[in-house]
Student: 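Shown below is the structure under consideration.
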Amino acid sequence: MLKTLAAQIKEFKWVSILTPVCMVLEVILEMIIPLMMASIIDEGVNTGDMRHIFVMGGWMVLTAFGCLLTGILGGKFGAEASAGFARNLRKAMFENIQRFSFSNIDKYSTAGLVTRMTTDVTNMQNAYQMILRMFTRAPSSLIIAMCMAFYINARLASVYLIAVAFLGCALAIMIPRAARYFEQCFRKYDDLNASVQENVSSIRVVKAYVREEYEQTRFQKASENVYRMFLKAERIVVANMPLMQFTVYTCIILISWLGAKMIVVGDMTTGDLMSLMTYCMNILMSLMMLSMVFVMITMSGASAKRICEVLSEEPDLTNPEKPDYDVPDGSIRFDHVAFSYKKGSGDAVLQDINLDIRAGETVGIIGGTGSAKSSLVNLISRLYDVTEGTVYVGGKDVRGYDLETLRNHVAVVLQKNVLFSGTILENLRWGNKEATEEECREACRMACADEFIEQFPDKYNTYIEQGGTNVSGGQKQRLCIARALLKKPKILILDDSTSAVDTATDSRIRKAFATAIPGTTKLIIAQRISSVQDADRIIVMEDGQIHGFGTHEELLAGNEIYRDVYESQNTGSGDFDEGGDN
């Protein structure tokens, strides 16, 4: 874990080194001042030597300025190092998340990843700054002050050893107990963020169903869980402060009492006692700082584990050693393919799939909900890897291709359409960042999106809100289809992506595909048979298996499921699942 985190210090290595150096120098200069004070009292004030007072006073002022300068530099370098460390952590996590396959992403909740990149990284930033500054300053101050105290009077200094041992035992008992609660706190944070995220993203549904009160109760419950966990941890941690104060005041009383007796009998000077009192405060303040550092490290330890989980997560899908960068054509072949989302456990989602689709062919895919239609097409662009068998694209195993090359030749319009904040042109150019405005217009004409875009005041420069909330479901689908067409793919997969489009527009889109991109292999997943009946061939799926594969006429004549669905959609409700159950 430490190695993983340390790798993110990178270009901030030197400021990370300079910070503790400055803090140690500050402590050394600070520890010299009490000796100068003792010298002024014993050799200046008590003897009436004004020259000695002025000379030592001047050195004290210079030493104080040195403390100030090193303290300022330590703070500056520490802030730069910790902020840079946090920036690198966020960047590394985000970059690794971008490399995740779908199966990797399935392991984490969206809210959990957000918490890791915000709250957890902030905890690490604060902890790193405290380690560089306080964790360097406090031990060095403690050690030097202890040495100075023993140099002045070993008998009195032994009081400090007892205090250090007492506080050390107290911390050893408190910190492990607090750590357990802090680990649970951040898991509760995930639940809290999930509640907020879901509520905000679905606020229209919440208001439509007048569920504000329910959502408030749900949020309050998640917030209460975070509160309770932190309260339990803080109750343990706050016990540290009264223990510290008790120890400080006990030491002051003992040093004053024992020191006064030694001055009376002549075993110690007044200056030495003042120096010891100063070192007493330095030692005990150092212990207080150390306890704060340990508490912060304890709290950030849970965050560090969560961050390292993301940084150490290896993508399930990687490029082969010598990837193939040439996709000859859009032909597709499934050879005895089986697939399960959880490898080695659970039932197979797809079982013994055998398919042979020619380049440029239009293939419809229909099936009831849960028949694994989307799972089938996800294997073509290698969003997941097969559990058994092989998927071929262009006559080659998809696992032999460079992932970026393969996905650039396979355009997928997923079931859940997503638009990003920005203009329509910016969203379209996700398909091809070099696309000209005319190419974007042509893709929109093919997707029948131009008709509504031209009605906007700003046309193609119309701003799309995050998630496409200012366009309808059908408009969103057509923009996503246009975006996919700009990739000029060899394979185009439409995963129920015209479900929100009226039948006439759906028909026009299919006709445009047939004439404008005849060489592209087109796979159309649909619930309406009217959307696929003109396809070259149609796949009928049921329970993760291919129940039929042929033309519309062949399936009507020989496939009972297809015939029942066709008849129900032409005479009944049109619900595929209802028809498919017969």
Side-chain angles (χ1 to χ4, degrees), residues 2 5-6 8-40 53-91 121-149 151 160 240-241 244-245 248 274-300 303-304:
L2 289 176
L5 295 173
Q8 302 309 319
I9 297 172
K10 295 180 181 177
E11 68 271 33
F12 300 98
K13 179 172 62 178
W14 282 110
V15 286
S16 296
I17 293 171
L18 287 172
T19 301
V21 168
C22 288
M23 301 316 296
V24 171
L25 286 174
E26 182 189 16
V27 168
I28 291 171
L29 292 173
E30 200 175 82
M31 292 301 115
I32 294 173
I33 291 176
L35 292 178
M36 293 179 175
M37 289 174 59
S39 177
I40 289 174
I53 293 173
F54 282 120
V55 170
M56 292 306 296
W59 281 111
M60 279 184 68
V61 171
L62 289 174
T63 305
F65 272 114
C67 283
L68 178 65
L69 180 61
T70 51
I72 290 171
L73 289 174
K76 176 181 177 297
F77 293 144
E80 186 178 346
S82 59
F85 176 58
R87 185 201 71 181
N88 288 345
L89 278 177
R90 289 190 185 97
K91 182 182 176 185
V121 171
T122 300
N123 285 338
M124 290 303 301
Q125 178 179 346
N126 293 336
Y128 189 57
Q129 186 170 46
M130 290 185 79
I131 288 170
L132 290 179
R133 297 186 64 198
M134 286 191 183
F135 201 61
T136 305
R137 192 190 194 305
S140 56
S141 178
L142 177 67
I143 292 167
I144 294 172
M146 191 73 78
C147 291
M148 291 292 192
Y151 172 75
Y160 302 143
N240 179 55
M241 187 57 66
M244 284 288 177
Q245 290 177 335
V248 168
M274 287 191 65
S275 297
L276 273 174
M277 293 296 291
T278 305
Y279 289 131
C280 171
M281 294 306 298
N282 280 325
I283 290 168
L284 297 171
M285 287 302 295
S286 297
L287 284 171
M288 291 182 74
M289 283 193 288
L290 270 177
S291 69
M292 290 171 61
V293 172
F294 280 124
V295 168
M296 191 67 216
I297 290 174
T298 301
M299 187 164 59
S300 63
S303 295

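Along the sequence shown, residues are numbered consecutively beginning with 1.
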Student: Just verifying a value: how many Å separate Cys67 SG and Ile28 CD1, rounded to the nearest 0.5 Å?
Tutor: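 Here the interatomic distance stands at 10.0 Å.
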
Student: Decide yes or no for Leu5 and Leu89: does some side-chain heavy atom of the first lie under 4.5 Å from some side-chain heavy atom of the second?
Tutor: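 A side-chain contact exists here, since the closest heavy-atom pair is under 4.5 Å.
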
Student: Just how far is it from atom OG of Ser82 to atom CE of Met130, taken to the nearest 0.5 Å?
Tutor: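 Between atom OG of Ser82 and atom CE of Met130 there are 11.5 Å.
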
Student: Can you name the closest pair of heavy atoms from Ala304 and Met124 and give their distance?
Tutor: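 So the minimum-distance heavy-atom pair works out to CB-SD, 3.7 Å.
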
Student: Taking C-beta and beyond as the side chain, do Ile72 and Glu26 meet within less than 4.5 Å on heavy atoms?
Tutor: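 No - every pair of side-chain heavy atoms lies 4.5 Å or more apart.
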
Student: Answer yes or no: does atom NZ of Lys91 have more than 12 heavy-atom neighbours from other residues, nucleotides or ligands under 6.0 Å?
Tutor: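 Counting other residues, nucleotides and ligands, NZ of Lys91 stays at 12 neighbours or fewer.
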
Student: Side-chain contact test, heavy atoms from C-beta onward, threshold under 4.5 Å: evaluate it for Phe77 versus Leu132 and give yes or no.
Tutor: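 They are not in contact (no side-chain heavy atoms under 4.5 Å apart), so the answer is no.
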
Student: Might you point out which heavy atoms bring Gly78 and Thr19 nearest each other, and give the distance in Å?
Tutor: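 Residues Gly78 and Thr19, closest heavy atoms: N-OG1, 3.1 Å.
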
Student: At their closest point, which heavy atom of Met23 faces which heavy atom of Gly74, and how far apart are they?
Tutor: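 In this case the closest contact between Met23 and Gly74 is SD-CA, 3.8 Å.
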
Student: For the residue pair Tyr128 and Ala81, what are the closest heavy atoms and their distance?
Tutor: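 That closest heavy-atom pairing would be CE2-O, 3.8 Å.
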
Student: Evaluate the side-chain proximity of Phe85 to Gln8: yes if any heavy-atom separation is below 4.5 Å, no if none is.
Tutor: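 Yes, side chains in contact.
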
Student: Taking all non-hydrogen atoms of both residues, which atom of Ser303 and which atom of Asn123 are closest, and how far apart?
Tutor: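 Looking at all heavy atoms of both residues, the shortest contact is OG-ND2, 3.1 Å.
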
Student: Could you state the interatomic distance from CG (Leu69) to CG (Leu25), rounded to the nearest 0.5 Å?
Tutor: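 Leu69 CG to Leu25 CG: 10.0 Å, rounded to 0.5 Å.
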
Student: Work out which heavy atom in Leu29 is nearest to a heavy atom in Thr63; give both atom names and the distance.
Tutor: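 Shortest heavy-atom separation between Leu29 and Thr63 comes out as O-CG2, 3.2 Å.
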
